[in-house]
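In what follows, a structure is listed as structure tokens, so that the remarks can point back to it.
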Number of protein chains: 4
Amino acid sequence: MKVRNLKPEKRAAILKAAVKVFARSGFYTSKVSDVAQEAGVADGTIYVYFKNKDDLLISLFEDKMVDILQNFRDALSGIVHAYKKLERFLYIYFEMIRQDPLLAEVFQVELRQSDKFLKDYHNQNFLDYLNIIGDILHQGVEDGIFRSDLNVGVMKIMIFGAIDEVARQWILGADAKYSLEEAAEQVSKTILNGIEIKL
Amino acid sequence: MKVRNLKPEKRAAILKAAVKVFARSGFYTSKVSDVAQEAGVADGTIYVYFKNKDDLLISLFEDKMVDILQNFRDALSGIVHAYKKLERFLYIYFEMIRQDPLLAEVFQVELRQSDKFLKDYHNQNFLDYLNIIGDILHQGVEDGIFRSDLNVGVMKIMIFGAIDEVARQWILGADAKYSLEEAAEQVSKTILNGIEIKL
Amino acid sequence: MKVRNLKPEKRAAILKAAVKVFARSGFYTSKVSDVAQEAGVADGTIYVYFKNKDDLLISLFEDKMVDILQNFRDALSGIVHAYKKLERFLYIYFEMIRQDPLLAEVFQVELRQSDKFLKDYHNQNFLDYLNIIGDILHQGVEDGIFRSDLNVGVMKIMIFGAIDEVARQWILGADAKYSLEEAAEQVSKTILNGIEIKL
Amino acid sequence: MKVRNLKPEKRAAILKAAVKVFARSGFYTSKVSDVAQEAGVADGTIYVYFKNKDDLLISLFEDKMVDILQNFRDALSGIVHAYKKLERFLYIYFEMIRQDPLLAEVFQVELRQSDKFLKDYHNQNFLDYLNIIGDILHQGVEDGIFRSDLNVGVMKIMIFGAIDEVARQWILGADAKYSLEEAAEQVSKTILNGIEIKL
DNA sequence: GATGAATGAGCCTTCATTCAT
DNA sequence: AATGAATGAAGGCTCATTCAT
């Protein structure tokens with residue numbers, strides 16, 4: 001009658017540690033024992049809460065994606081105008097990055113690895129995420145706000161890639177020396193400019 | 001003094017094999033022996049031509065980047081107008097992807113990994129590449145073709161991210177079902193639309 | 001002083017579960033948690049009743065051996081003739097196997113493992129068991145029923161090995177397709193034939 | 001063009017070391033690194049020659065079994081009389097044990113473990129071995145030398161078990177204090193006595 | 001006593017790299 | 001230069017055991 005009574009806060013602590021460690025060293029060069037140490041638990045405890053190292057990364061992704069999706073849906077639900085919606089979406093995106101850059105790095109840097117992840121592991125949450133953008137674009141086209149020749153399938157990916165990379169370079173702090181606010185405004189203006197119907 | 005008598009064609013064969021293998025399985029999950037097998041050489045031969053596994057990936061990147069940069073410079077040298085230059089740049093970009101998707105995948109998927117590469121290893125070629133875009137943008141702003149409030153540092157990265165992701169999803173063939181031609185046109189139109197001065 | 005309030009029926013349940021699990025998967029490839037699950041108790045409970053995993057196997061053996069020995073002694077006590085005694089012994093042996101094949105498999109398969117058990121752990125019960133056979137043989141020789149040149153030390157082991165293996169192959173059900181009844185009769189006839197004095 | 005050029009003598013050395021180590025400590029409590037050390041090679045070398053630890057045990061068994069089978073066939077080929085054949089078989093058996101007790105212990109003690117081995121892994125060599133005995137019995141029955149009511153399927157297993165256990169206890173040196181010569185003679189006499197037709 | 005989450009020692013296995021041929 | 005057998009460091013994962021509840 002084994003009743004699983006795992007502590008959600010310990011699971012969360014491990015995920016949080018994993019974010020930190022993976023962001024610092026990358027998934028493959030990170031050791032499970034590094035995550036354990038960061039989380040202040042024994043190595044074996046990781047395996048009480050996660051199936052294996054891969055599962056740690058996937059869980060990380062899925063867990064947070066659910067929150068993110070909810071975040072976006074809540075924030076956008078009250079807005080009717082597609083233009084305003086997209087503007088708001090972009091604002092929220094960069095705001096989230098600002099608040100949790102480590103996590104963002106794990107998402108962006110690590111989940112790009114095809115094998116085992118975005119390739120094999122088919123990711124519904126990621127598709128849902130893309131479709132938030134897609135839905136806004138669709139609506140905008142229907143409402144006659146965005147260009148009628150927009151290929152939404154292409155555009156949603158383009159927008160994702162654009163903001164993702166701008167955020168990523170900001171996090172890495174490498175070449176790009178700009179504030180996220182500035183970036184958000186620039187990206188927002190250009191994209192909205194680029195897709196709206198010109199008068 | 002050790003006189004090296006290395007055969008450039010063998011080096012090239014190994015790099016070509018590395019592209020294939022890394023694209024298929026990812027850098028970390030690929031084995032040096034996989035690359036050797038694909039190249040038709042012995043494991044040890046890899047180490048005659050490259051210092052280690054990391055060097056293989058970096059060499060891959062640098063070698064090809066030099067070609068790519070030359071490609072762009074040649075193609076853009078005859079064009080004076082910034083708008084046409086950017087249009088041409090985007091066209092060439094997607095054309096390259098179409099011709100060598102495997103290589104593109106290695107670039108895009110694997111070089112995103114921070115550790116040891118884009119983070120520690122400071123990549124001048126990548127910066128040069130970004131600056132091709134940057135230079136076009138600068139010129140366009142100076143020529144009064146692109147919006148004067150463009151933050152070129154943000155925009156060049158945004159454009160890179162946009163086209164990179166569109167190409168990447170096309171390669172992965174996952175959600176995105178579109179032709180590269182269609183994508184090129186869509187991306188081109190939106191970006192140019194977005195950054196040019198509205199009349 | 002710690003006053004133990006252990007429930008004998010729980011201890012028995014654990015041992016019974018251990019028999020099942022060890023027989024199914026072997027001692028080393030079985031997990032303590034498998035035994036716990038099979039017994040319907042928590043992992044930790046095993047350690048309330050047994051010192052460790054090894055102790056579980058040894059207890060299993062010793063507990064059951066006491067029963068088995070008593071069984072044999074009861075059954076043989078009324079028989080005077082050595083020939084009849086041995087005949088009866090063999091009959092009872094196969095009958096026990098038939099009634100509890102799982103346990104038999106644990107005995108036969110697992111206790112063969114030298115390390116920690118039959119080698120280090122000196123097993124008086126096993127010796128007592130062998131000596132039931134040995135005593136019958138001794139008596140038979142003294143009574144002039146069995147060959148006077150019998151080396152009882154060898155013969156008791158030979159008989160043990162013979163019946164053990166016949167039973168074991170029957171349990172495994174591998175190559176051997178025979179009924180235990182048939183086997184018992186064959187073995188009995190051959191052994192008795194082989195050791196009795198020829199007229 | 002990777003040409004496997006593994007050295008058979010190194011493979012043999014590893015197997016020999018494995019015999020020693022497994023006999024000493026048992027398969028499960030032995031470490032691969034113990035075998036490597038005993039063989040004087042690096043841990044990794046084991047995996048050049050064998051797939052994994054299990055494969056080491058199975059290879060051990062199969063390799064030696066082939067030799068043993070050949071040994072028996074050669075030795076028995078010149079003998080026509082079934083009685084003499086069986087007598088010779090038993091003599092050779094104990095002689096082999098005497099010459100290589102360690103190997104015998106691995107066979108007898110370790111291969112009894114059901115899981116992964118005699119159970120899952122279906123073993124043709126073992127069956128061939130049993131059938132050497134079986135064939136002699138068959139012939140003896142047909143030639144009117146052995147009892148016509150012999151169930152060969154039971155008897156071959158009984159004989160195997162008998163000699164196996166006698167040898168095993170001799171190796172363990174536990175309770176049984178007898179010479180192998182004495183044992184061979186005792187077992188041989190009893191079995192032959194037991195199965196031949198009484199006049 | 002019973003529980004099961006937590007522990008961490010230990011081991012198999014992988015694979016980048018070396019080096020004798 | 002080319003080879004590939006050999007190496008051994010390193011790490012993911014298991015699971016017997018403990019102990020706070």
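Per chain, numbering begins at 1; letters A, B, ... match sequence-line order. Only a predicted model underlies this, so the values are computations on that prediction, with no experimental measurement involved.
Across the protein-nucleic acid pair, Asp34(B) atom CG and dA16(E) atom C1' stand 12 Å apart, rounded to whole Å. We find that OH of Tyr28(D) is positioned 14 Å from C1' of dT14(F), with the value rounded to whole Å. Here the P atom of nucleotide dT17(E) and the CG atom of Asp43(D) are 20 Å apart, to the nearest Å. In this structure, Phe50(B) atom CZ and dA2(F) atom P are separated by 12 Å, rounded to whole Å. With rounding to whole Å, Lys31(B) atom NZ is found 8 Å from dA16(E) atom P. Going from atom CD1 of Ile46(B) over to atom P of dA1(F) covers 15 Å, rounded to whole Å. Distance, Glu9(D) CD to dA6(F) C1': 14 Å, rounded to whole Å. As a whole-Å value, the separation of Gln37(D) CD from dC12(E) P is 13 Å.
Among the nucleotides dA16(F), dT18(E), dA2(F), the one closest to any side-chain atom of Lys7(B) is dA2(F). Listed nucleotides: dA2(F), dA5(F), dA2(E). Nearest to the side chain of Val48(D): dA5(F). The side chain of Thr45(C) sits closest to dA2(E) out of dA2(E), dA2(F), dA16(E). Considering only the side chain of Asn52(A), dC13(F) comes nearest among dC13(F), dT13(E), dT17(F). Taking every side-chain heavy atom of Lys53(A) into account, dC13(F) is the closest of dA16(E), dT3(E), dC13(F). Comparing dC13(F), dT7(E), dT3(E) by their nearest atom to the side chain of Ala42(A) picks out dT7(E).
Annotation for Ala39(D) and Ile14(D): closest pair CB-CA, 4.0 Å, computed over non-hydrogen atoms.
Map Tyr47(D) and Lys51(B) each onto its nearest nucleotide of DNA chain E; the residue landing nearer the 5' end is Tyr47(D). Mapped onto DNA chain F by nearest heavy atom, Gly40(D) and Ser30(A) fall at different nucleotides, with Gly40(D) at the one closer to the 5' end. Each of Gly44(A) and Val32(D) has a nearest nucleotide on DNA chain E; the 5'-most of these lies closest to Gly44(A).
The backbone N or O of Leu15(C) lies less than 3.5 Å from no partner atom in the side chain of Tyr49(C), so there is not a single donor-acceptor pair. Using a distance-only test at 3.5 Å, with no hydrogens or angles considered, a donor-acceptor pair links the side chain of Ser59(D) to the main chain of Asp55(D).
Heavy-atom neighbours of Gln37(B) CD from other residues, nucleotides or ligands within 6.0 Å: at or below the threshold of 12.
Seen from the ring of Phe27(C), Lys53(C) counts as a face-on cation partner, given the 6.0 Å and 45° thresholds.
Pair assignment for dT18(F) gives dA5(E), based on Watson-Crick or G-U wobble hydrogen-bonding distances that are each under 3.5 Å.
Side-chain nitrogen and oxygen atoms of Tyr49(A) include none within less than 4.0 Å of the OP1 or OP2 phosphate oxygen of dA5(E).
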